[in-house]
A.B. asks: 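To start, I am sharing the structure in question, which I have written as structure tokens.
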Amino acid sequence: MTNTTTIPTSLNFRDDCLEILNQQKLPHEIENLKLSSLNEFYDAIVTLKVRGAPAIGITAAYGLAITLNHYQTENLDEFILKFREDKEYLFSSRPTAVNLGWALNSLEKAIENVQSVNEAKTTLLHTAIQLHTEDEVICRQIGEHGLELLKDKSAIMTICNAGSIATSKYGTALAPFHLGSEKGKNFHVYACETRPVLQGSRLTTWELQQSGVNVTLIADSMAAHTIKEKKVEAVITGADRITANGDTANKIGTSMLAILCRYFKIPFYVAAPSSTFDLTLPAGTSIPIEERAPEELTELNGHKVAPQGTQVYNPAFDVTPHELITGIITEKGVIYPSYEENIASMISGK
Ligand code: MRU
């Protein structure tokens with residue numbers, strides 16, 4: 001039996017703006033925001049109105065293409081200079097997800113040989129749309145590969161939101177659940193709430209409920225107990241950057257789950273598109289880890305929960321060493337150890 005499901009999406013291109021689903025307001029308010037100025041694009045990324053590695057990349061690409069479309073000059077050199085300046089600005093918005101730089105570099109490459117400002121403007125818009133539409137196809141492929149690894153009716157745990165609203169559609173870690181729901185499969189997803197920003201409780205629960213997936217929320221500190229008591233059979237997460245040896249940066253708390261999987265002898269899968277691989281970095285120790293504002297920890301919904309002046313350490317991501325990863329699910333197939341060799345051949349064709 002197959003189900004008719006509603007998989008939410010968060011990005012809609014509207015000619016002179018990008019309409020985004022404001023993820024800050026979910027799940028209690030469905031607010032669509034129109035982004036048209038460079039500052040609006042930058043702010044939306046920094047303040048997590050749009051978030052998730054692929055969605056950040058696509059948004060930044062639209063940001064450049066849409067805003068530069070209004071830049072008044074006939075001089076191609078001047079246009080390229082402005083392109084580079086704005087590109088650097090958007091690039092500085094968040095440091096960990098490599099998809100941001102990847103998308104912006106894809107635009108730069110696309111206009112390498114253009115002959116006029118008009119041609120550059122059209123090419124930028126065309127490339128941004130292409131990145132957006134290709135991502136949906138890629139995520140669906142990730143979902144198909146992931147589905148082959150997960151047993152119907154099993155309990156699976158995830159963290160953060162690596163879902164349809166973090167990509168064009170379907171997501172990465174959540175893609176098998178959306179596709180499974182379409183195909184009449186019944187997974188039971190345990191969603192870690194994902195402190196401090198609560199992508200799990202605010203976004204993953206909402207997104208999976210929209211598409212009819214059975215989802216149960218737990219606090220991050222309940223992961224070990226839940227794996228044991230609820231017979232969780234696998235953990236699947238997204239990724240923000242995967243280095244040449246398979247080390248993977250993802251939302252803070254991910255490496256803790258990978259360590260638990262090793263203890264409980266269950267598989268730990270990472271799901272990510274090729275654009276999340278950064279083969280210029282040999283290992284995870286070189287990945288820049290974003291540190292965010294202390295208020296994310298000292299306040300809850302604007303209410304102070306820690307004494308005034310409390311010292312805070314708030315890294316947004318951690319790195320899971322490749323030895324703890326059972327397999328990396330990509331659009332090209334599943335990559336297994338030895339990662340260094342297999343990533344090189346699957347991702348860069350070497
Ligand atoms: O800080 P966020 O919410 O942007 O972090 C997102 C994650 O860590 C996701 O797991 C990752 O970007 C993959 S999204 C398909």
Side-chain angles (χ1 to χ4, degrees), residues 10-13 17-26 31-71 81-110 124-125 127-128 131-132 135 160-162 165-168 172 194 196-199 203 238-242 249-252 272-273 275-278 280-281 286-296 314-319:
S10 64
L11 307 173
N12 277 301
F13 173 54
C17 72
L18 180 70
E19 200 175 271
I20 62 158
L21 178 62
N22 184 353
Q23 298 192 35
Q24 257 185 0
K25 297 277 174 82
L26 284 173
E31 180 186 74
N32 289 309
L33 280 180
K34 288 184 166 49
L35 310 180
S36 50
S37 74
L38 199 67
N39 283 341
E40 285 168 348
F41 279 95
Y42 178 87
D43 170 80
I45 296 173
V46 169
T47 58
L48 310 183
K49 293 184 178 82
V50 58
R51 41 137 312 275
I56 295 171
I58 295 162
T59 301
Y62 276 124
L64 272 187
I66 290 170
T67 56
L68 284 169
N69 199 31
H70 298 293
Y71 188 62
L81 222 60
K82 175 76 176 143
F83 170 90
R84 294 207 174 117
E85 197 180 300
D86 292 356
K87 177 186 169 218
E88 281 315 304
Y89 178 57
L90 289 179
F91 181 72
S92 69
S93 58
R94 293 194 75 189
T96 304
V98 74
N99 307 60
L100 176 64
W102 172 85
L104 294 172
N105 288 338
S106 302
L107 292 197
E108 185 152 29
K109 203 163 175 12
L124 288 177
L125 279 172
T127 310
L131 294 179
H132 188 184
D135 186 62
C160 195
N161 172 271
I165 58 173
T167 60
S168 284
T172 57
T194 321
V197 181
L198 304 175
Q199 289 92 335
L203 308 176
D240 286 85
R241 194 183 295 234
I242 304 171
N250 191 50
K251 181 51 55 193
I252 193 76
S275 53
T276 301
F277 287 78
D278 181 355
T280 67
L281 299 185
S286 332
I287 298 176
I289 299 292
E290 178 180 8
E291 285 188 34
R292 294 186 61 87
E295 289 74 23
E296 287 185 352
N314 184 20
F317 300 94
D318 61 23
V319 176

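Remember, predicted model here, so these are calculated numbers, not experimental data.
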A.B. asks: Please tell me if the side chains of T172 and T276 come closer than 4.5 Å, counting only heavy atoms from C-beta onward.
C.D. replies: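 Contact flag for T172/T276 side chains = no.
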A.B. asks: Kindly say whether L18 contributes a backbone atom to a donor-acceptor pair with the side chain of K34 at under 3.5 angstrom?
C.D. replies: no
A.B. asks: Might you point out which heavy atoms bring L64 and L104 nearest each other, and give the distance in Å?
C.D. replies: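 Where L64 meets L104 most closely, the heavy atoms are CD1-CD2, 3.6 Å.
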A.B. asks: Within a strict 4.5 Å, meaning less than it, do heavy atoms of the L48 and R292 side chains meet?
C.D. replies: yes
A.B. asks: Rounded to the nearest 0.5 Å, how far apart are CG of N99 and CZ of R94?
C.D. replies: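 One finds 11.5 Å between CG of N99 and CZ of R94.
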A.B. asks: Do the two ring centres, one from F13 and one from H132, sit under 6.0 Å apart?
C.D. replies: no
A.B. asks: Please name the pair of heavy atoms, one in N314 and one in A293, separated by the smallest distance, quoted to 0.1 Å.
C.D. replies: ND2-O, 3.0 Å
A.B. asks: Atom CG of L198 and atom CG of N161: how far apart are they, to the nearest 0.5 Å?
C.D. replies: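 With rounding to 0.5 Å, CG (L198) is 12.5 Å from CG (N161).
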A.B. asks: Are the side chain of T96 and the backbone of P288 linked by a donor-acceptor contact shorter than 3.5 Å?
C.D. replies: yes
A.B. asks: Under 4.5 Å between any side-chain heavy atoms of F41 and Y62, yes or no?
C.D. replies: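 In short, these two side chains touch, coming nearer than 4.5 Å.
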A.B. asks: May I ask you to check whether N105 and K87 show a side-chain donor-acceptor distance below 3.5 Å?
C.D. replies: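 A pair is found: one side chain offers a donor N or O, the other an acceptor, under 3.5 Å apart.
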A.B. asks: Quick one: closest heavy-atom pair of P54 and T167, and the distance?
C.D. replies: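 Answer, listing the atom of P54 first, then T167: CG-CG2, 3.7 Å.
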A.B. asks: Using every non-hydrogen atom in the two residues, find where L124 and L68 come nearest and quote the distance to one decimal.
C.D. replies: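 Smallest interatomic distance, heavy atoms only, reads CD1-CD1, 4.0 Å.
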A.B. asks: Roughly how far apart are L33 CG and C17 SG, rounded to 0.5 Å?
C.D. replies: 10.5 Å
A.B. asks: Drop me the distance from L100's CG to S92's OG, to the nearest 0.5 angstrom.
C.D. replies: 8.5 Å
A.B. asks: Do I56 and V50 come close enough that some side-chain heavy atom pair is under 4.5 Å?
C.D. replies: no
A.B. asks: Would you say the side chains of E31 and N22 form a donor-acceptor pair under 3.5 Å?
C.D. replies: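 There is such a pair between these side chains.
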A.B. asks: Could you tell me if the side chain of S10 sits less than 4.5 Å from the side chain of I20, heavy atoms only?
C.D. replies: no
A.B. asks: So, does N12 use its side chain to make a donor-acceptor pair with the main chain of E19 at under 3.5 Å?
C.D. replies: no
A.B. asks: Indicate yes or no: at least one non-hydrogen side-chain atom of V197 is less than 4.5 angstrom from one of R51.
C.D. replies: no
A.B. asks: State, with a plain yes or no, whether a side-chain heavy atom of R84 is found less than 4.5 Å away from one of E108.
C.D. replies: yes
A.B. asks: Check the surroundings of atom OH in Y89: do more than 12 heavy atoms from other residues, nucleotides or ligands lie under 6.0 Å from it?
C.D. replies: yes
A.B. asks: Quick check: does any side chain N or O of Q23 sit under 3.5 Å from a backbone N or O of L203, one acting as donor and the other as acceptor?
C.D. replies: no
A.B. asks: Identify the heavy atoms of L107 and A128 that sit nearest to each other, and give their distance.
C.D. replies: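 So the minimum-distance heavy-atom pair works out to CD2-N, 4.0 Å.
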A.B. asks: If you round to the nearest 0.5 Å, how far is CG of D240 from CG of D278?
C.D. replies: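 So the gap between those two atoms works out to 12.0 Å.
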A.B. asks: For a 4.5 angstrom cut-off between non-hydrogen side-chain atoms, does I289 reach V319?
C.D. replies: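 When only atoms from C-beta onward are counted, V319 and I289 do touch, with a gap below 4.5 Å.
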A.B. asks: Judged by atom type as modelled, is there a donor-acceptor pair below 3.5 Å linking the side chain of T194 to the main-chain atoms of C160?
C.D. replies: yes
A.B. asks: Could you measure the distance from the CG atom of L35 to the OG1 atom of T67? Nearest 0.5 Å is fine.
C.D. replies: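 Between atom CG of L35 and atom OG1 of T67 there are 11.0 Å.
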A.B. asks: Looking at P315 and E291, what are the two nearest heavy atoms and their distance?
C.D. replies: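 So the minimum-distance heavy-atom pair works out to CA-CG, 4.1 Å.
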